[in-house]
Asker: 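The structure's right below; bear with me while I get my questions together.
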Amino acid sequence: MRGIIERKKMHPNNMMCAGWSPALGMYIMNTLESASFFSYCDFYEITEDTYEHFLDEGFDPQPVRLLFSGSPHRKPTDEEQRLHDIFFGCTEE
């Protein structure tokens, strides 16, 4: 079940979705970002409360921390790479 987000909710702006990541054991949110001619996703940890209110009208979800980014312009830290690898199943954790 790597790279899976369960109980996914799409934010009304259609640029963010949130759900539970079994691989990471936390609620996460991914945001669609764009840079010039391509798009990528940033993945953030969010609280359960943020997840529960994710679809509320006017709610502005606030992340706890950046987990990892798909941006080709950003070099991941060791921790970001570790979380990326766990999420996408590139490791045995």
Asker: For a 4.5 angstrom cut-off between non-hydrogen side-chain atoms, does Phe38 reach Pro72?
Answerer: yes
Asker: Given Met15, which of Thr31, Leu32, Asn30 fulfils the side-chain contact (heavy atoms from CB on, under 4.5 Å) condition?
Answerer: Leu32
Asker: Do the rings of Phe43 and Phe68 sit parallel, tilted or perpendicular, given the 30° and 60° boundaries?
Answerer: parallel
Asker: According to a 4.5 Å side-chain heavy-atom criterion applied to Ile, Leu, Val, Met, Phe, Trp and Tyr, with indirect links allowed, do Phe88 and Leu83 form part of one hydrophobic cluster?
Answerer: yes
Asker: Got a second to check how far Glu33's CD is from Ser39's OG, nearest 0.5 Å?
Answerer: 9.0 Å
Asker: For Ser71, what residues pass the side-chain contact (heavy atoms from CB on, under 4.5 Å) criterion, not counting sequence neighbours?
Answerer: Tyr40, Ser69, His73, Arg74
Asker: Checking Met26 against Leu67 for the side-chain contact (heavy atoms from CB on, under 4.5 Å) test, could you report, in this order, the C-alpha distance in whole Å, the side-chain angles of both residues, the deciding distance, and whether it holds?
Answerer: CA-CA 11 Å; Met26 66 180 72; Leu67 298 173; 3.9 Å; yes
Asker: Honestly curious: do Leu24 and Phe54 fall in one hydrophobic cluster under the side-chain, below-4.5 Å linking rule?
Answerer: no
Asker: Let me confirm one number: the CG-CD distance from Asp49 to Gln62, rounded to the nearest 0.5 Å.
Answerer: 12.5 Å
Asker: Quick one: does Tyr51's side chain have a donor or acceptor within less than 3.5 Å of a partner on Arg7's backbone?
Answerer: yes
Asker: Working to the nearest 0.5 angstrom, can you tell me the gap between Leu55 CG and Glu57 CD?
Answerer: 11.5 Å
Asker: My understanding is that only residues two or more places apart in sequence, or in another chain, count here; which of them pass salt bridge (charged side-chain N to carboxylate O under 4.0 Å, His left out) with Arg65?
Answerer: Glu45
Asker: Return yes if some donor-acceptor pair links the side-chain N/O of His11 with the main-chain N/O of Phe59 below 3.5 Å, else return no.
Answerer: yes
Asker: For Asn13, is the CG atom crowded, meaning more than 12 foreign heavy atoms sit under 6.0 Å from it?
Answerer: yes
Asker: Are Tyr27 and Met29 connected in a single hydrophobic cluster, I mean Ile/Leu/Val/Met/Phe/Trp/Tyr linked by side-chain heavy atoms less than 4.5 Å apart?
Answerer: yes
Asker: If the condition is salt bridge (charged side-chain N to carboxylate O under 4.0 Å, His left out), which residues does Glu79 pass it with, not counting sequence neighbours?
Answerer: Arg82
Asker: With rounding to the nearest 0.5 Å, note down the distance linking CD1 in Ile28 to OG1 in Thr50.
Answerer: 13.5 Å
Asker: Treating Ile, Leu, Val, Met, Phe, Trp and Tyr as nodes and any side-chain heavy-atom pair under 4.5 angstrom as an edge, say whether Ile5 and Ile46 lie in one connected cluster.
Answerer: no
